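Read through the structure below, which is laid out as C-alpha cells, and then see the notes.
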Amino acid sequence: MTENKRDRQAKTRVMKPEDIQELKELIEFLKESNIGEFDLERGDLKVRIKFAPKPGEAGVLDLTQMAQMARLFAAQPQALAPTVLPEVHATAQAHSAPAATAGQPTAGEAEDASLHIVKSPIVGTFYESPSPGASAYVKIGDQVENGQTLCIVEAMKLMNEIESDVAGEIVKRLVQSGQPVEYGQPLFAVRPR
Amino acid sequence: MTENKRDRQAKTRVMKPEDIQELKELIEFLKESNIGEFDLERGDLKVRIKFAPKPGEAGVLDLTQMAQMARLFAAQPQALAPTVLPEVHATAQAHSAPAATAGQPTAGEAEDASLHIVKSPIVGTFYESPSPGASAYVKIGDQVENGQTLCIVEAMKLMNEIESDVAGEIVKRLVQSGQPVEYGQPLFAVRPR
Amino acid sequence: MFHKVLIANRGEIALRVICACKEMGIRTVAVYSEADRHSLHVRFADEAICIGPPRSAESYLNVPAVISAAEIADVDAIHPGYGLLSENANFAEVCRASNIKFIGPPPDVTRLMGEKEKARQAMKHAKVPILPGSDGVIQSDGEALEWARSVGFPVILKASAGGGGRGMRVIRSAEELPALFHAAHTEAMNAFGNGDLYMEKFIEQPRHIEFQVLADEHGTVLSLGERECSIQRRHQKLIEEAPSLQVTPKLREEIGRTLKKSLEHVGYQNAGTVEFLMDEDGKLYFIEMNTRIQVEHPVTEFVTGIDLVKAQLRIACGEKLSSIVPEHVPIKGHAIECRINAEHPEKFTPSAGKITAFNVPGGNGVRVDTAQYSEGVVPPYYDSLIAKLITHGHDREEAMARMRRALGMFVVQGIHTTIPLHAKIFEDEEFKTGKFDTKFMERFFERQKSQ
Amino acid sequence: MFHKVLIANRGEIALRVICACKEMGIRTVAVYSEADRHSLHVRFADEAICIGPPRSAESYLNVPAVISAAEIADVDAIHPGYGLLSENANFAEVCRASNIKFIGPPPDVTRLMGEKEKARQAMKHAKVPILPGSDGVIQSDGEALEWARSVGFPVILKASAGGGGRGMRVIRSAEELPALFHAAHTEAMNAFGNGDLYMEKFIEQPRHIEFQVLADEHGTVLSLGERECSIQRRHQKLIEEAPSLQVTPKLREEIGRTLKKSLEHVGYQNAGTVEFLMDEDGKLYFIEMNTRIQVEHPVTEFVTGIDLVKAQLRIACGEKLSSIVPEHVPIKGHAIECRINAEHPEKFTPSAGKITAFNVPGGNGVRVDTAQYSEGVVPPYYDSLIAKLITHGHDREEAMARMRRALGMFVVQGIHTTIPLHAKIFEDEEFKTGKFDTKFMERFFERQKSQ
C-alpha cells in the first residue's frame, strides 16, 4: 500500500492492526466475489449484498487472458502479487540488504509521492564517483538533467554509468557508495521540475 | 480496493472475526447459488432473495446448498466453521447417503423456517413402525404430542424409540424406512402448534 | 483382504489408516463428531458417518455409536488407531460379538497388558528383564541392605501406603542406608499412619526405549527394533528416533529374541510396542506394553521399510508374518520424528483455532503425516497433535540436518505450534550428541532460561 | 565444503538445491525475477537478489546479471539447476573466468555433449551402442539392401536435403525395399531438387530409457541405474519410473560398465544423464547426454538412497566418488514420478494464475517437490511444472497404488493442473502392465476419446 493510504489509515485510527487485517481480508474477498455493493448494519442486523454484473468468469485463465495478465505484470509488477507466506517463526531469515528493500522505495522518500525514484537497471555495486577519491557525480541539492550520469553500477568488472531518467533536483541518495544493489533497487530520489 | 469502502467499513466496525467469517461463507454461498441480490433483517426475520438473471442456469438450490444456507442462518456454534477444501477433481468422492445430508434439513423443509426438524440422536437404522408389517408410528398430517414416539432407530440390535421434541403436525418424513441414519440426521419436519 | 474398514479415530492417524487402506484397495468408512465435519479424514474416506457431538465421550469414545456406524456401513473390520478406543478390551469384545474384526490383539491380551502388575509378572515369567522390586514389604534396614545389594545401588524406598514423595528416599550407598531407611519409615508413618516400605531399583538417568513388534495370528512374533523416546515433557513424548544410539546390534538381537519368545507365549497378535527403561549401563527393564499402533511408528517404517499399518491390516486378515515381512529386517539409516502440537511453544497452553497458512515441507527424506490444511480448524476438544514431521538420513547427523531445514520450511499460522520449540531443541548441544535421558527437557528449559 | 552457493534457477529445483545446501550447512543465495518476488525459493534462501524483469531472457538467462549477483553476494559456487543456463557452456566458462565454481561438468565437455553428432561419434568411439545410421548417402537400392541387412529390418530412408516426412520411408522387408527406395528418391528429388537418401535403423516401438551417472573430478564415473521415461506427450515427459521393467540386472550392469568407461574417457564430471532408445528386443541405442541434474532425479534417489544434489555439491568441491557413494548401489523397490503441470489436463493450454487451495499429499512413501503454496501465483513466463509427486513402494504395484491415493489427495484450486490426467493414466490397463513405449500417450488419448 502506498504511504498515502497508510497515512489516511493512521488518522482514522480507531482500528487495531488485526481489525485492519480482517477488513482487508473481507474486502479482498468481496472483490474476489465480484460484489458491487455491500451494506451491513448491526443494530438488529441488516445485510444487503448486490453482485456486480459479470463480464466473464474470473478464476482460471486461458491463453488470451494470460497474454492480458502478462501485460498487467509488465505494467505493474505488483498487480497480481500473491499473498506472501507469513514469516517463518522457526529460523531467522537473514535476508541480505538488497533483498530487504527490493524494488520498493523506503519509507522516508515514498512519503512524498511527487518524488521520482531512479532505480538500478542492473545488479552490481554502486559507486557515487567515477574512481576512488574522485568527487561524486552528483550530491544532494544538485540540479540534474535527463540523461546526466548520476553514478556507476559495476557489474562483471564493467563500470556502467547510470543516467537520470528525469530532470530535477537530487533530494536523496538511497544507497552507500560501494554497496551492492539489485535489479530495480532505488538509487536516488529526484524532485522533477 | 477503494478507500471509500474502507472508510464505510471502518465506521460500521462492530464486527467480530467470527462474524466476518460467517459473512464470507454466506457470500461464497450466494455466489455459488447465482444470487443477484440478498437482503436480510433479523428482528422478526425478513429475507429477500433475487436471483441473477442468467439463462441456462436454473435459480434452484440443491439440497446441500439449501442446507448450507440454513446452517448460516442458524448461526450457532458454526462460527468457527472452516472453509471446506474444495472437491478433489481426481477421484470420485462417493460419500454414503447419510454423509450427504448430514445434520441438515433438506430442501423442501428449510424453505419454511417455521418448521421444526426432529433429528436422530443416534447412529443406526431408521424404521417407521415397531415391527415389519405393522403400521407406522406416525404418518403425514398426524398431530403429535411432545414425547410421542415417532419412529425407531435400531442400533446394535436395540430398538430405540425416537420421541418428538415438539407438539405439532407431521409435515414430512425425511428418510425411508430401513435407511441408515447418522447422528443429527433430520428425520421428520413438524409444524409446531 | 477386507472389503471395507471403518476407522474409529480422527486426525492424522485416521488419515494414515485411510491411506493404507486406499493403497490396498480397501473401502474406507470415516466416523466423525460434529466438530470434525470438515476434517480431511472425512473428506478422503469413501464414506463418512457422523456419530455424535464434539465431546469424545459422546462420539469417538461412544462404543454403541461406533458399532452402529460399522453396522450400517456394513464393514468387515474396525481399525482403532491409537488412543480413544484402541486399548479398550471391552470395545474389542463388542466388535467380536458384532462379528466385526477388531484390528489389534484379542481382548484378553489387551486386558492382560492393560493391568500393569499382571503384565509385569507375565513378562518376568517369560524372562523379559523387569525393573527389580522387592516382593512386598521390607521389614528392616538389614533386609533392605540385603535386597539393595542383590540388585545393586542406587535403590529407592517407597511407602506402601502412599505417594507424593512422602516416605520416599533414593539410596546410593550401603553406608547411608540405615539412616535413610528409618527416616523414610518415620515419614511414612507420620504421613499415612503406616510405616510399611518397599524397594525398587532406581535409575538415575533413565532412557525411554521401546521395541516395535508385529505378531501374526499363527503364533509368530517378530521384533522390528527399537525407538528412542527420551525427549519428553511431563511424560509426553516430543521427539522420537530410530534406531537408538545406545542399543547395539547385539542388544537389539537379544531383546528381539526375548520378546519373540515371551509374546508368542502370551499369544500376542497384531502390532504392539514394548516399553523399557534403560539404565546408565545400557541395561533394559520392561515397563509396559502398548497394544496398538503408536504415534511414532513412522520412524520404524523409515528405517525398516515396512509399512506397519498395512502389516496390521494383513495380519488381521489372517496372513502369516512370513509373507508380510522378511525374516531378517536390517535397520537402514536413521529417522527422527517431531510431534507438531497446537500448543504455545513455551507455555504449552493448547492453541485451538483456524489455521490461516499451512506450508508443509517436502523434498528428499522428509515425510509429513497430518490431517490439517490451510483454512482448517483445530477444534478444542481433542489432543493437540496436528502433524508429525519425520526425516530420514544415512545417519543421525543427516536426519537432524534435514529436520532443521524442514522445521524452517514448516509454516503454520493462525495458531501456535511447537515448531519453534523443536527448532531450538535441534540446536541444543546435548541433543546433538544423542547422549541424553528422560530428564533432558528439564535441563533444556534451564539452559533456555539462563540464556 | 562451499561456504555460500548461488542457485541460478527458480521453482521447485531452486528449492530442491536450497534444501540440499541447508542440510550441508552451506549458505544459499537465490536470484529472482520481478515475477518471482514471492516465490518460496526467495523466501527460504538465506539471501535473495532480484536480477531482472519477468522475462527469462532478461533475468534468469541474463548471464551478466547472474554473475554480478554471484559477485556481490560473494559466493563460492553456482548451481544451475536444470534448463535455463544449466547446459550453457559459455556460462560455465564465464563462471570459471570469474573464479566461481560452476556445479556441473567442465565447459568443453558440456560443449561436446551439446553437439549431437559429435556426442554420438564420441560415444560410438567409446563403444556405447548408438542408433545405426549409414555413413553418408546411400547410392543405390543395392547398397540400401546391403546396409539394411547389416543392421536388420526395419530401417528408415530419409532425404539428406530435407525434412517434414518428404522422401521418408519405413522399410520392413527386403522385398519392399527397391520400390520404396525409388519412390523415396523421386519424392526427395521433386521436393528438394536433390534425391540423396541416407538410412537409419528404425525402431517401431521405442522406449525412452536413461541412465543416471555421477562422476568425480578425479576420473571416476559411476552409473546409478536407469529411469523409464516413455510416458511422454510431444516429447515432454509426464511420468518417470525407476527401475525400468525392461532392464535386467545384467543389462544394467553392462550399460553401467560401458558408460563408466566411455565417460571416464571423455573426462565427464558431476551428474549427468545418458538417454537411450530401447528397441523391441531390449537393445539400447544412445541418443544424447544431458549434462545436468534432471527433473526426474528423485526416482533414482528413492531407489538408490543417494542424494544426487548433495552428491553434485560434494563432487564440485573435489570430493572423491568413493567417499560419497558405496561402490555397489543396489536398486531398492520401485519409484514413480508424476509431473504436475499448470496446464489444462485435456487441452494442455498453460494455466497461469493464483492458487487458491493447495493440499499436498503426505504419508508413507510419498515425496513432493514443489515451490508452490496456497495463495501462490503461477506466473505465465516460465515452464508449467509446479510440483513433482513421487511415490516409492516395494514393487511397481505398491508404487502405483500409492500414486493413485496421493493423486486423489493432491488438491490444487484456482488453476488447472495435470493431476486429473495422471489419475486417468494410473487407471489405464496398458500403463498398469508396464509394457508400453513412447507412443503410449497417443494410444491413451485414442482410448479416452473412444470412451
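This is a predicted model, so every value here is computed, not measured. Every chain is numbered from 1, with letters handed out A, B, ... down the list of sequences. Reckoned from all heavy atoms, side chains included, excluding hydrogens, waters and symmetry mates.
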Report summary line: On a heavy-atom basis, the closest approach of D/R367 and C/G363 is NE-C, 3.4 Å

Query raised in the report: Can you tell which of D/P298, D/C19, D/G305, D/G333 has the highest number of heavy-atom pairs within less than 4.5 Å of chain C?
Result: D/C19

Report task. Determine whether C/R402 and D/D307 make a side-chain contact, defined as any pair of heavy atoms from C-beta on separated by less than 4.5 Å. Result -> yes

Query raised in the report: With a 4.5 Å limit on heavy-atom distance, are the side chains of C/E375 and D/S374 in contact?
Result: no

Report task. For atom NZ of D/K320, decide whether the heavy atoms of other residues, nucleotides or ligands shown that lie under 6.0 angstrom number more than 12. Result -> no

Report summary line: Between the CG atom in D/N364 and the NE2 atom in C/H297, the distance rounded to the nearest 0.5 Å is 7.0 Å

Report task. Step through the shown structure and confirm whether more than 12 heavy atoms of other residues, nucleotides or ligands are within 6.0 Å of CD on D/E427. Result -> yes

Query - Region of C/K332 that comes under 4.5 Å of a non-hydrogen atom in chain D - result: side chain

Requested in this report: Measure D/K310 against the heavy atoms of chain C and call it side chain, backbone, both or neither at under 4.5 Å.
Outcome: side chain

Requested in this report: Examine whether an atom of D/R16 lies under 4.5 Å from a heavy atom of chain C, and if so say whether it belongs to the side chain, the backbone or both; otherwise answer neither.
Outcome: side chain

Query raised in the report: Do you know which of D/P361, D/G362, D/A401, D/G365 has the most heavy-atom pairs with chain C at a distance under 4.5 angstrom?
Result: D/A401

Query raised in the report: Does the side chain of D/T391 reach to within under 4.5 Å of the side chain of C/E23, using non-hydrogen atoms?
Result: no

Report summary line: Under 4.5 Å to a heavy atom of chain C? For D/H394 that would be side chain

Query raised in the report: Atom NZ of D/K22 and atom CE of C/M409: how far apart are they, to the nearest 0.5 Å?
Result: 7.5 Å

Query raised in the report: Mind checking whether C/L40 and D/N359 have side chains closer than 4.5 Å, heavy atoms only?
Result: yes

Query raised in the report: Given a strict heavy-atom distance threshold of 4.5 Å, which part of D/L15 is in contact with chain C: side chain, backbone, both, or neither?
Result: side chain

Query raised in the report: By a 4.5 Å heavy-atom criterion (distance strictly below it), what part of D/E12 contacts chain C: side chain, backbone, both, or neither?
Result: neither

Query - Per-residue contact mode, D/V360 against chain C (heavy atom under 4.5 angstrom) - result: side chain

